[in-house]
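Notes to accompany the following structure.
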Amino acid sequence: LELVQGQLTDERLTRLAAIVGESGLGTRKALAGAALPAVLTGLAVEYSGEAGAARLLELMRAGGHDGSLLPTLDGALAGGAHTDALLILGKGQIGAILGDRVDAVTELMAADTGIRRSAAGDLLGLLVPQVLGVLGKDLDKLWPISYEGQSDTACFDNALELLFMGGYSLPHAMMML
């Protein structure tokens, strides 16, 4: 949560507010109080377990979410074609994260924060690539988990560490291997 919130600087919040045509306060409240928790919860629900992790990896690769957006985020939020492309990408992926709850989350964001429903939808769309970019930034550090020439013991250790660091208890991770 803190990693993503760190990307939402005051300048970027001002830009996001201008893009969606809402006040800075309403935009901040919608992002921090509704959009970000909804996206992170959606990721946790839709992509839990081994099969979910594989689907999330595929979603991130398909969208090019390798962290390369983060250094250029200010340019992407400057308006014009780059912002439109970012919005289209995010809106295309929000359904994969929230499933059939997209409309409910959008309605809730609008009702709780006083922003327009269309602005809430746009904020969700603009947030998704940022969240996936933060997740994808260090993905190369995790994959591949074993390298050619490593001993079986080293491969086992790498896989166990990945599962344990991913939130599985040590006994559960060991049973999975």
Side-chain angles (χ1 to χ4, degrees), residues 1-47 52-143 166:
L1 180 64
E2 291 84 20
L3 291 173
V4 178
Q5 286 177 328
Q7 296 296 318
L8 299 173
T9 63
D10 287 341
E11 181 181 339
R12 289 179 181 157
L13 286 168
T14 300
R15 287 181 184 204
L16 286 166
I19 291 166
V20 300
E22 294 289 345
S23 71
L25 182 61
T27 300
R28 180 182 301 274
K29 187 175 176 184
L31 285 169
L36 184 55
V39 169
L40 293 176
T41 300
L43 286 169
V45 168
E46 292 295 324
Y47 297 99
R55 287 190 352 262
L56 177 59
L57 182 61
E58 181 56 34
L59 177 73
M60 291 172 66
R61 286 191 174 148
H65 300 294
D66 57 4
S68 60
L69 167 69
L70 302 178
T72 62
L73 189 56
D74 291 331
L77 295 176
H82 292 300
T83 303
D84 292 343
L86 187 66
L87 183 58
I88 290 168
L89 175 64
K91 282 190 168 187
Q93 293 181 320
I94 193 66
I97 295 171
L98 296 177
D100 61 358
R101 298 176 306 276
V102 174
D103 287 337
V105 169
T106 304
E107 289 290 336
L108 183 64
M109 283 176 61
D112 280 356
T113 62
I115 65 173
R116 295 181 331 276
R117 186 181 186 287
S118 62
D122 287 350
L123 284 174
L124 280 170
L126 291 166
L127 182 64
V128 167
Q130 294 176 58
V131 171
L132 294 178
V134 168
L135 293 175
K137 181 179 174 188
D138 292 325
L139 197 58
D140 287 340
K141 294 177 184 175
L142 298 175
W143 305 103

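Since we're looking at a predicted model, the values are computed, not measured.
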Donor-acceptor check, side chain of Arg101 to backbone of Ala38, threshold 3.5 angstrom: yes or no? no

Measure the CG-CZ distance between Leu56 and Arg61 for me, rounded to the nearest 0.5 Å. 10.5 Å

For residues 113-124, tabulate all N or O donor-acceptor pairs below 3.5 Å that involve a side-chain atom, not counting sequence neighbours.
unit_1, atom_1, unit_2, atom_2, d
Thr113, OG1, Met109, O, 2.5
Arg116, NH1, Gly21, O, 3.2
Arg116, NH1, Glu22, OE2, 2.8
Arg116, NH2, Val20, O, 2.9
Arg117, NE, Glu107, OE2, 2.4
Arg117, NH2, Asp103, OD1, 3.0
Asp122, OD1, Lys91, NZ, 2.7

Could you grab the distance from atom CZ of Arg55 to atom CG of Leu57, nearest 0.5 Å is fine? 12.0 Å

If I take atom CG from residue Leu73 and atom CZ from residue Arg12, how far apart are they, to the nearest 0.5 angstrom? 4.0 Å

Between Lys29 and Asp112, does any NZ, NE, NH1 or NH2 come within less than 4.0 Å of an OD or OE carboxylate oxygen? no

Could you please spell out the steps behind the side chain to side chain contact (heavy atoms under 4.5 Å, CB included) verdict for Leu16 and Leu127? CA-CA 10 Å; Leu16 286 166; Leu127 182 64; over 6 Å; no

Are the side chains of Val39 and Val4 in contact, using a 4.5 Å heavy-atom criterion? no

Qualifying salt bridge (charged side-chain N to carboxylate O under 4.0 Å, His left out) pairs, either residue in residues 126-135, two or more places apart: none

Determine, step by step, whether Leu87 and Ile19 satisfy the side chain to side chain contact (heavy atoms under 4.5 Å, CB included) criterion, reporting the C-alpha distance in whole Å, the side-chain angles of both residues, the deciding distance to 0.1 Å, and the verdict. CA-CA 10 Å; Leu87 183 58; Ile19 291 166; 5.8 Å; no

Result block: side-chain N/O donor-acceptor pairs under 3.5 angstrom for residues 30-37, not counting sequence neighbours:
none

Separation between CG (Leu69) and NE2 (His82), nearest 0.5 Å, reads 11.5 Å

Side chain to side chain contact (heavy atoms under 4.5 Å, CB included) test vs Leu77 passes for just one of Leu86, Thr14, Thr72, namely Leu86

Determine whether a donor-acceptor pair (N or O, by modelled atom type, separation under 3.5 Å) exists between the side chain of Arg28 and the backbone of Leu13. no

Who passes side-chain hydrogen bond (donor to acceptor under 3.5 Å, both in side chains) against Asp84, sequence neighbours left out? none

Show the atom names and distances, to 0.1 Å, of all donor-acceptor pairs under 3.5 Å that link a side chain in residues 92-100 to residues at least two apart or in another chain.
unit_1, atom_1, unit_2, atom_2, d
Gln93, OE1, His65, NE2, 2.7
Gln93, NE2, Leu59, O, 3.4

Filter on salt bridge (charged side-chain N to carboxylate O under 4.0 Å, His left out), then keep only pairs touching residues 31-43, sequence neighbours left out; what's left? none

